[in-house]
K.L.:
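Have a look at this one before I ask anything.
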Number of protein chains: 2
Amino acid sequence: MARAGLTGERLVRAGAELADEVGFEHVTVSALARRFGVRTASLYSHLENSQELRTGIALLALEEIADRAADALAGRAGKDALEAFANVYRDYAREHPGRYAAARLRLDPDTAAASAGGRHAQMMRAILRGYDLAEPEQTHAVRLLGSVFHGYVSLEAAGGFSHSASGAQESWAWILDRLDALLRGRPAG
Amino acid sequence: MARAGLTGERLVRAGAELADEVGFEHVTVSALARRFGVRTASLYSHLENSQELRTGIALLALEEIADRAADALAGRAGKDALEAFANVYRDYAREHPGRYAAARLRLDPDTAAASAGGRHAQMMRAILRGYDLAEPEQTHAVRLLGSVFHGYVSLEAAGGFSHSASGAQESWAWILDRLDALLRGRPAG
DNA sequence: GCAAAAAACCTATAGCCATTAGGCAAACGG
DNA sequence: CCGTTTGCCTAATGGCTATAGGTTTTTTGC
């Protein structure tokens, strides 16, 4: 019998795909083993436990989002940068709902410190350099942006807008426009 | 043997307490049965399945939040109302993290329609009457508020601010102040 | 090339969870 | 009281996580 060629990394990657297909909460070691045509116990040579799988998917998602965001931000500033960054979050969540859910997993402090989470915060601060915000306002603004992006994407994913699904795109554009105005300290046009 | 006196409602209420203690994702039919000193199978006379338990907790949380919000909103308008409403969300999530998580559960359309979710939206629109927003701006604003409130509370609960935990209260106040200004269409003071 | 070591996958097992079927006994209605 | 309803029980199935220890394939060092 040919071997499946499992590695921790392949498992995490396949777990991420599985998450997008069936939802992050349904990612199990068993389902993953099934997908590789292998017994469940076999995965435990490559995985400490199921938590490690989930954490791995979360870290992968955080990296992928950070990479996309870094790309999107290159050469942009001001509102342009704000929109590009925001759209990375929203698009990623739509393309990869399972991974996005994983990215919201609560990580233990050490893991979080070693994650791409720091890059996310750094990029937000980079965007805010285009606005005139000193500390502590900048920190407040980072939190505001994080809240709005995550909140909107999460409500949208949860179907929170579906009964009145109309204009989710318009709402998003409006919100970004007003956020930009808010950060500039000027009324919206 | 004296009977435990189980009912669907008591189970949901106890499930909500359990959620606050151990986290919503650890609420299980078994754990609930244990808490009542009863066999797991016994709960299935009062509960269709574990999903119904979770849904029940979600509906309870939505009602509780709506009730608190209605109280908080009474006699208030403008920024005062905005802050009161926002604080209901934040305080509720802090006092009842498990219930709050339950409230974010994705409900099927019928259940959602019968939930207190509609009251939440209605109250947001009531708050926005204190600002000068016609449709479709009002809908956009409802979504913005929902995003910010949920996003902030959720990031805070996930420990997203804990590495730089400082000033979560200040950030919250700043955000509400700027949101108010944004909705008024004027620059922040 | 080849034997020993290492790595990959397997079987077996145990515990916890959800859920169903069917039984006994307590409470309640007449 | 006695029968019926109802509440909780035992028993059993099947899925999931996880550990222990075996076997086979691959690697590696001579």
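Chain letters run A, B, ... following the sequence lines, proteins first and then strands; every chain starts at 1. We use all heavy atoms of the structure for the numbers below, so side chains are in, but hydrogens, waters and symmetry mates are not.
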K.L.:
Rounded to whole angstroms, how far apart are CZ on Arg39(B) and P on dC8(D)?
P.N.:
14 Å
K.L.:
Under 6.0 Å between the ring centres of Tyr100(A) and His96(A)?
P.N.:
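No - the distance between ring centres of Tyr100(A) and His96(A) does not fall below the 6.0 Å cut-off.
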K.L.:
Aromatic rings Tyr89(B) and His120(B): how do their planes relate, parallel, tilted or perpendicular, breaks at 30° and 60°?
P.N.:
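Answer is perpendicular, since the angle exceeds 60°.
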K.L.:
When you get a sec, tell me which of dT10(D), dT19(D), dC9(C) is the closest nucleotide to the side chain of Val38(A)?
P.N.:
dC9(C)
K.L.:
Under 6.0 Å from the CD atom of Glu135(B), do we count more than 12 heavy atoms belonging to anything else shown?
P.N.:
yes
K.L.:
State whether the number of non-hydrogen atoms from other residues, nucleotides or ligands found under 6.0 Å of Glu9(A) atom CD is greater than 12.
P.N.:
no
K.L.:
Can you confirm whether His140(A) sits close enough to Trp172(B) that some side-chain heavy atom of one is under 4.5 Å from a side-chain heavy atom of the other?
P.N.:
no
K.L.:
State whether the number of non-hydrogen atoms from other residues, nucleotides or ligands found under 6.0 Å of Arg39(B) atom CZ is greater than 12.
P.N.:
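No.
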K.L.:
Mind listing the N/O atom pairs, protein and nucleotides 14-17 of chain D, below 3.5 Å?
P.N.:
{"unit_1": "dC16(D)", "atom_1": "OP1", "unit_2": "Arg34(A)", "atom_2": "NH2", "d": "3.1"}
{"unit_1": "dC16(D)", "atom_1": "OP2", "unit_2": "Arg34(A)", "atom_2": "NH2", "d": "2.6"}
{"unit_1": "dT17(D)", "atom_1": "OP1", "unit_2": "Val29(A)", "atom_2": "N", "d": "3.0"}
{"unit_1": "dT17(D)", "atom_1": "OP2", "unit_2": "Val29(A)", "atom_2": "N", "d": "3.4"}
{"unit_1": "dT17(D)", "atom_1": "OP2", "unit_2": "Ser30(A)", "atom_2": "N", "d": "2.9"}
{"unit_1": "dT17(D)", "atom_1": "OP2", "unit_2": "Ser30(A)", "atom_2": "OG", "d": "2.6"}

K.L.:
So, OP1 or OP2 of dC9(D): does either fall under 4.0 Å of a side-chain N or O from Ser42(B)?
P.N.:
yes
K.L.:
To the nearest Å, how far apart are His26(B) NE2 and dC17(C) C1'?
P.N.:
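Roughly 13 Å, once rounded to whole Å.
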K.L.:
Taking 4.0 Å as the cut-off, does a side-chain nitrogen or oxygen of His46(B) come that near to OP1 or OP2 on dC8(D)?
P.N.:
yes
